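Shown next, in structure tokens, is the structure this report addresses.
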Amino acid sequence: MALPSSPFTSKASAFHIPAESNPPCSLLQKHPSQSLLSGCKNMENLKQIHAQFIKFGLHNTHFGLSKLVGFCALSPYGDSNYALLIFDAIENPTEILWNTIIHGYALSSNPELALEFYVKMVSLGNYPNSYTFPSLFKSCKKLMAAQIGKQVHGCVLKLGLDSYVHIHTSIINMYAQIGELGHARQVFEKSSFRDAVSFTALIGGYVSRGCLDEARVLFDGIPVRDVVSWNAMISGYAEVGRFGEALSLFENMWKLNVTPNESTLVSVLSACARSAGLQLGKRVDSWINRNGLDSNPRLANALVDMYAKCGEIDTARSLFDGMEVKNIVSWNVMIGGHTHVSEYKEALAVFRHMQLERVEPNDVTFLNILPACAQMGALDMGRWIHVYINKNCHHLQNSSVWTSLIDMYAKCGSIESAKQVFFGLETKSLSSWNVMISGLAMHGNAHGAIDLFSKLIEEGIEPDDVTFVGLLSACSHGGMVELGRLHFSSMVQDYKIQPKLPHYGCMIDLLGRAGLFDEAKSLLACMDIEPDGAIWSSLLGACRIHGNLELGEYAACSIFKLDPNNHGAYVLVSNIYAGAGRWNDVARIRTMLNDNGLKKVPGCTSIELDSVVHEFLVSDRTHPQSEDIYRMLDEIDRRLEMAGHVPNTSEVHYDMDEEWKEGILSQHSERLAIAFGLISTKPGTTLRIVKNLRVCGNCHSATKLISKIFNREIIARDRNRFHHFKDGCCSCMDYW
DNA sequence: ATAGGGTTAG
């Protein structure tokens with residue numbers, strides 16, 4: 001096999017190469033150390049190549065140095081400090097070297113250094129040329145420095161360089177992205193040549209302002225469109241949620257045989273993801289496979305996201321599991337995918353996996369994982385994230401993360417920690433006020449929620465509809481009829497906020513619980529939207545408390561029209577019949593339930609221990625420590641009995657609560673979780689449990705006693721609210 | 001040899 005001849009043997013040695021002159025390129029391009037640069041993927045490698053350059057004397061040539069500096073300054077694998085090190089050692093850098101360094105800084109996260117170096121370059125007597133200015137405009141754009149940009153534009157005109165196509169386009173791009181669309185348009189129209197690139201630069205300005213129709217007119221006017229023009233338009237439509245137009249444009253592009261590239265496919269898959277476009281998404285997937293692009297990390301991420309958002313979580317998961325290289329986006333995609341379809345346990349598992357692989361989470365990770373912690377009551381995990389953020393994210397700008405943290409603490413039962421985060425915030429976003437108010441409401445601290453609302457008003461912040469949901473639910477949980485009415489009418493009259501379903505829901509719940517059925521009915525009658533199942537359910541619940549048979553039947557019928565399989569409604573209406581002694585009707589409902597084969601949502605309670613969430617179903621024996629748990633259950637029963645607790649077995653026959661027919665009361669899921677908590681934690685530790693259904697009356701009174709007997713604070717979240725059990729009492733004052 | 005437009009997760 002013939003080896004390629006070295007440029008420095010025989011023929012090459014005929015050339016005399018002076019140290020400071022540029023040798024013929026043809027020779028150097030063939031040199032092994034030269035071709036190594038194009039395959040260089042990290043700085044270690046670069047330093048070896050640098051050594052080779054020195055060995056062959058290339059470090060004395062501006063050509064060789066330009067190549068080295070170019071890699072260090074421009075490559076994503078480079079290192080601008082190393083570039084500067086080489087650059088500073090050069091006695092008289094050429095314009096090319098200056099341009100390379102300036103370009104490198106323009107691409108970096110410190111684009112102001114590009115401008116600094118430009119000033120230095122000129123002050124040392126070098127002349128900027130057509131290669132210098134595009135980097136300067138890019139820097140101005142990144143810095144949003146309109147004034148400096150205009151000054152640099154002035155320099156270009158003075159030097160007569162404005163007709164260079166690269167400069168011309170970078171000026172349009174700068175003005176377009178900096179909010180000076182008029183200037184961009186002017187430069188564009190004054191010039192004699194307009195190609196796809198300059199068109200697209202201008203289009204970008206319209207797109208970033210959301211002016212898609214103006215952008216489209218320009219796009220349609222491009223003489224010869226290239227793939228980037230298509231991408232700009234497609235991603236523009238996708239960005240503002242005009243998915244149909246984004247996707248039909250993509251179909252057009254496909255028909256015209258323009259080959260999509262990575263950017264096109266990423267934008268299209270994201271549009272599919274956000275518009276449930278599974279069919280097209282699958283076609284794109286198979287195209288990606290056919291063209292061997294399936295190992296492209298960005299495309300793989302986009303595919304996982306698309307499948308997850310289109311409901312094919314299992315396809316998404318198997319793609320994710322099969323990915324050889326996972327980056328932070330991959331993990332976030334996957335965690336978000338599970339959260340999106342309410343698979344919170346899976347989301348937490350993926351996050352734990354990510355921790356084990358030592359992948360650093362970022363703000364998007366937190367925004368995806370914190371709601372899963374909140375849902376599952378995974379307080380330890382939530383705390384870990386909070387500590388992590390305090391330790392590692394000093395420059396966290398994303399206020400939503402703080403809001404999510406407050407929400408997580410509140411929903412995990414740690415309202416004190418929620419308050420600490422909230423009051424520690426320097427700037428409080430409206431959402432942070434909102435989650436804090438709802439959090440206090442959830443915990444039954446109605447006065448706290450109402451006080452906080454007053455504070456918000458005092459600070460001159462305008463509340464929104466979400467604020468009022470929290471406020472009204474506080475009134476409802478606290479049974480504050482007068483205040484509820486007041487705030488409801490103030491919302492409409494003073495703040496011009498149209499009540500939505502949740503607002504009506506709170507009011508009807510409030511009025512119903514207080515037995516004010518006439519007022520509840522007239523509110524129902526004047527609603528401008530159809531009441532939903534939740535509203536009828538709270539009315540039905542109120543009817544049960546007050547034994548209102550007639551309205552209860554009506555509410556139940558309304559629920560069955562909307563949702564014939566609503567198990568809870570059958571139970572409630574049956575309880576109303578039982579209370580009125582209408583045993584035939586009780587039996588009739590029970591038969592209906594059986595005949596319809598209605599499956600209730602099984603009651604499930606979870607408790608977190610050392611960042612692991614343990615879930616229990618009624619009479620569950622699947623837990624590895626089941627034996628110990630049941631031993632503890634017996635102990636609890638024994639001590640409850642000693643304390644005089646009488647299980648309400650006589651009522652079980654007719655008072656069908658939500659865990660009706662699920663067997664022995666003392667094996668309800670919350671009892672198992674509490675028993676597990678008691679044997680797994682040190683005496684005195686607060687137990688936090690999360691139940692998916694409303695807590696039953698029996699367990700409620702039992703838990704009150706347990707808190708006293710075992711001297712434990714027990715914080716229980718049920719479907720509606722929190723119960724803080726302490727010293728034999730519950731914070732809900734038996735009102736839930 | 002160094003220079004222009006579009007790019008993903010919430």
Side-chain angles (χ1 to χ4, degrees), chain A residues 22 25 28-29 34 37 61-67 69-70 73-74 93-104 106 128-138 141 161 164-174 176-177 188 195-205 207-208 219 222 225-236 238-239 260-271 273-274 296-306 308-309 327-337 339-340 362-371 398 400-401 404:
Chain A
N22 286 340
C25 298
L28 280 159
Q29 270 160 2
Q34 175 66 75
L37 256 183
T61 67
H62 282 298
F63 178 80
L65 289 167
S66 300
K67 280 291 180 189
V69 173
L74 304 176
T94 58
E95 267 94 16
I96 290 171
L97 273 160
W98 281 104
N99 289 345
T100 305
I101 282 283
I102 290 172
H103 187 205
N129 59 23
S130 68
Y131 287 80
T132 319
F133 287 101
S135 304
L136 299 181
F137 290 121
K138 185 175 290 227
K141 176 189 80 176
L161 295 170
Y164 278 90
V165 58
H166 292 96
I167 295 181
H168 171 249
T169 313
S170 61
I171 292 171
I172 295 172
N173 181 245
M174 174 197 67
Q177 300 292 338
F188 175 78
D195 61 1
V197 186
S198 55
F199 262 101
T200 309
L202 187 58
I203 286 172
V207 164
S208 62
F219 176 80
I222 304 178
R225 289 186 279 262
D226 64 12
V227 64
V228 181
S229 329
W230 288 94
N231 292 350
M233 209 59 227
I234 291 171
S235 64
E239 179 77 13
N261 64 13
E262 181 192 298
S263 298
T264 328
L265 297 167
V266 164
S267 299
V268 167
L269 286 171
S270 149
R274 291 188 284 155
N296 177 318
R298 282 186 181 165
L299 292 180
N301 287 344
L303 282 171
V304 169
D305 182 49
M306 185 274 294
K309 294 233 172 72
N327 60 24
I328 183 67
V329 177
S330 327
W331 290 95
N332 291 345
V333 161
M334 202 60 235
I335 294 170
T339 304
H340 187 71
N362 64 12
D363 52 343
V364 179
T365 324
F366 305 138
L367 289 176
N368 283 321
I369 198 67
L370 283 171
N398 200 327
S400 315
V401 173
S404 292

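Just so it is clear, the structure is predicted and the values come from calculations on it, not from any experiment. The sequence lines fix the lettering, A, B, ..., with proteins before strands; numbering per chain opens at 1.
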Rounded distance (Å) that lies between atom P of dT7(B) and atom CG of N301(A): 17 Å

Nucleotide nearest I96(A) when distance is taken to its side chain, options dT2(B), dG5(B), dA9(B): dT2(B)

Separation of dA9(B) P from M306(A) CE (nearest whole Å): 12 Å

Of the listed nucleotides dA9(B), dT2(B), dG4(B), the one nearest the side chain of S170(A): dG4(B)

Rounded interatomic separation in angstrom, taking CZ from R298(A) and P from dT7(B): 11 Å

Sugar-phosphate only, base, or nothing, as touched by S229(A) at under 4.0 Å among non-hydrogen atoms: base

Sugar-phosphate only, base, or nothing, as touched by N368(A) at under 4.0 Å among non-hydrogen atoms: sugar-phosphate

Touch class at under 4.0 angstrom, heavy-atom based, for A196(A) against every strand present: base

Quiz item: D195(A) side-chain donor-acceptor pair to dG5(B) base, under 3.5 Å: no

Below 4.0 Å: OP1/OP2 of dG4(B) and any side-chain N or O of K138(A): yes

No-H, no-angle donor-acceptor pair, N362(A) side chain to dA9(B) base, under 3.5 Å: yes

Listed nucleotide nearest any side-chain atom of S66(A), set dA3(B), dA1(B), dG5(B): dA1(B)

Over 12 foreign heavy atoms within 6.0 Å of CD, E239(A): no

Nucleotide of dT7(B), dG5(B), dG4(B) approaching S267(A) most closely (side-chain heavy atoms): dT7(B)

Protein-nucleotide distance (E239(A), atom CD; dT7(B), atom P), rounded to Å: 8 Å

Rounded distance in Å - CG (D226(A)) to P (dT7(B)): 14 Å

Under 4.0 angstrom between S270(A) side-chain N/O and dA9(B) OP1 or OP2: yes

Integer-rounded Å distance: dT2(B) P and I101(A) CD1: 15 Å

Sugar-phosphate, base or nothing in reach of V266(A), heavy atoms under 4.0 Å: sugar-phosphate

Any residue meeting salt bridge (Lys or Arg N to Asp or Glu O under 4.0 Å) with K309(A), in chain and number order, not counting sequence neighbours: D305(A)

With I328(A), the side-chain contact (heavy atoms from CB on, under 4.5 Å) member among V333(A), N301(A), T365(A), V364(A): T365(A)

Rounded distance in Å - NE2 (H103(A)) to C1' (dA1(B)): 14 Å

Step-by-step ring pair (Phe, Tyr, Trp, His ring centres under 6.0 Å) determination, F199(A) to F188(A): CA-CA 8 Å; F199(A) 262 101; F188(A) 175 78; 5.0 Å; yes

Presence of K309(A) side-chain N/O under 4.0 Å of dA9(B) phosphate oxygens OP1/OP2: no

Short side-chain to backbone donor-acceptor contact, N129(A) and T132(A), under 3.5 Å: yes

Heavy-atom donor-acceptor pair, S198(A) side-chain to dG4(B) base, under 3.5 Å: no

Qualifying residue, where the test is side-chain contact (heavy atoms from CB on, under 4.5 Å) with F133(A) and the options are I171(A), I102(A), L161(A): L161(A)

N/O donor-acceptor pair, side chain S263(A) with base dT7(B), under 3.5 angstrom: yes

Closest to side chain of F63(A), choosing from dT8(B), dA1(B), dT2(B): dA1(B)

Candidate nucleotides dA1(B), dA9(B), dA3(B), ranked by approach to the side chain of K67(A) - the nearest: dA1(B)

Protein-nucleotide distance (L161(A), atom CG; dA3(B), atom P), rounded to Å: 17 Å

